Amino acid sequence: MWAWAAVVLIIAVMLAVDVFAHRDGHVIELREALVWSGVWIAAGVLFGLVVWWWRGGDPAIAYFSGYLLEKALSVDNVFVFALLFGYFRVPAGYQHKVLFWGVVGALVFRLVFVLAGAALLDRLAWAGAVLGGFLIWTGWRLAARGEPDVDPERNVVVRLFRRVAPTDPRYHDDRFTVRLAGRRHATLLLVALVAIEATDVVFAIDSVAAILAITTNTFLVWTANAFAVLGLRSLYFLLAGLLRHFGYLRYGLAVLLAFAGLKLILAETPVGKLPLWLTFAVVVLSLSVSVGWSVLAARRRRSRATGRTGHRRGR
């Protein structure tokens, strides 16, 4: 319990520092996003080293495997968040506030999913096979799909929220609610936050299930999720304009999800649990190959485009 309390306190302090640093609601530029991404990644790595010193190599490898997996899946979140911000036309200066409260909600929801998922795997022998099948199907869907369907008008949570809460379809600075004609109304910024939270719940189910395939230690699973999610805001501002260079990353993520599903299924067979070093190697290899493939493909496209331009000029 003291370890849980200490981690929650550390995360609360880090969030408070982040709020103070961005209290003026300024637009996050690339350089600032890069610095803050480095800060959050350093915090996640430092915590992994603490786990290594405190509990030994295997728990640390489990943590780092889960952290890398969640960090990779966060890139998919960034793409969807960019689409949602574009749909709602959220001003750049307000996006950090939406993402901040989205991260706070994500930490709470993921804690619930971690505790529920670990209890399910512990009490029901067939739960691992069902969860493994779900992850394999999710991986196949991720590899086969085009752009994700993120139309907020078709989101059940957003539609229900608009029916329940009076909503003003405008922005009122960075406020989530505003009083109009003596009645409290939700602003469009709050509707955007609800859409972000509802979308993240779907991502949380996939990511938590995948990390539970690595370890069922709830402390390691949640901390790996937490430290990866804490850097999601900076990652968004860093990658939102660069996502076109990672077009093949989803295939690497699909492999990881399918591998996590297979790992859960094999754990219920005579094969048993696969070694942690193999999981870590698959995570690193899948991400390296898919990112490298994406970068090379982007360079080839630019080279062909440059070649065509030069050919036309020559003519």
Side-chain angles (χ1 to χ4, degrees), residues 1-26 28 32-74 77-78 81 95-119 122 174 176 193 196-197 200-201 203-205 207-212 214-238:
M1 292 302 298
W2 68 264
W4 279 93
V7 170
V8 170
L9 179 61
I10 291 172
I11 290 175
V13 170
M14 294 172 71
L15 289 174
V17 171
D18 189 55
V19 169
F20 180 79
H22 300 92
R23 63 191 183 281
D24 57 349
H26 63 276
I28 309 298
E32 183 181 358
L34 183 62
V35 171
W36 276 99
S37 294
V39 170
W40 294 120
I41 290 174
V45 172
L46 179 61
F47 182 80
L49 295 177
V50 171
V51 172
W52 197 304
W53 168 78
W54 175 40
R55 301 301 299 267
D58 284 349
I61 293 175
Y63 165 82
F64 279 119
S65 298
Y67 176 80
L68 285 175
L69 178 59
E70 176 61 29
K71 204 69 175 176
L73 291 172
S74 294
N77 295 42
V78 168
F81 292 168
Q95 291 177 3
H96 182 274
K97 182 175 181 178
V98 174
L99 290 174
F100 173 83
W101 289 108
V103 165
V104 173
L107 292 174
V108 175
F109 283 124
R110 288 164 194 252
L111 178 59
V112 173
F113 291 156
V114 166
L115 297 177
D122 185 54
D174 63 346
F176 288 127
L193 174 61
I196 291 287
E197 292 284 15
D200 186 71
V201 167
F203 284 111
I205 295 173
S207 62
V208 169
I211 298 181
L212 284 172
I214 299 173
T215 177
T216 55
N217 185 309
T218 54
F219 181 77
L220 294 178
V221 173
W222 187 72
T223 51
N225 261 272
F227 279 99
V229 168
L230 281 172
L232 185 57
R233 299 180 310 288
S234 300
L235 185 67
Y236 167 78
F237 292 108
L238 183 63

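Side chains included, hydrogens not; waters and symmetry mates left out as well; all remaining heavy atoms used. What you are looking at is a predicted structure, and each value in this text was computed from that prediction instead of being measured.
- Here the shortest heavy-atom pairing between F176 and V98 reads CE2-CG2, 4.5 Å.
- At a threshold of 4.5 Å between non-hydrogen side-chain atoms, the residues F113 and V221 do not count as touching.
- Between L115 and L111, the closest side-chain pair of non-hydrogen atoms falls below 4.5 Å.
- Within a 6.0 Å radius of CH2 in W53, other residues, nucleotides and ligands contribute 12 heavy atoms or fewer.
- By the 6.0 Å contact criterion, CZ on F109 is open, its count of non-hydrogen atoms from other residues, nucleotides or ligands being 12 or less.
- A60 and G48 make their closest contact through CB-O, 4.0 Å (heavy atoms, listed as atom of the first residue, atom of the second, distance).
- Atom CH2 of W4 is surrounded by more than 12 heavy atoms from other residues, nucleotides or ligands within 6.0 Å.
- In terms of heavy atoms, F64 sits closest to L49 at CZ-N, 3.9 Å.
- Here CG of L15 is found 12.0 Å from CD1 of I10. Values are rounded to the nearest 0.5 Å.
- Here the shortest heavy-atom pairing between T215 and N217 reads OG1-N, 3.1 Å.
- Legend: residues meeting ring-ring contact (aromatic ring centres under 6.0 Å, His included) with F47, ordered by chain and number and at least two apart, are Y63, F227.
- The shortest heavy-atom contact between A43 and M14 is CB-CE, 3.5 Å.
- Side-chain contact check for F100 versus L193: every heavy-atom pair is 4.5 Å or farther apart.
- Of the residues listed (V13, V7, V8), the one engaging I11 in a side-chain contact (heavy atoms from CB on, under 4.5 Å) is V7, and it is the only one.
- Within the structure, every pair that satisfies the side chain to side chain donor-acceptor pair (under 3.5 Å) test and touches residues 219-229, not counting sequence neighbours, is listed here: R110-N225.
- Atom CG of residue D174 and atom NE2 of residue H96 lie 12.0 Å apart, to the nearest 0.5 angstrom.
- With hydrogens and angles disregarded, a donor-acceptor distance shorter than 3.5 Å links the side chain of S65 to the backbone of I61.
- The heavy-atom pair separating E70 from A228 by the smallest distance is CG-CB, 3.2 Å.
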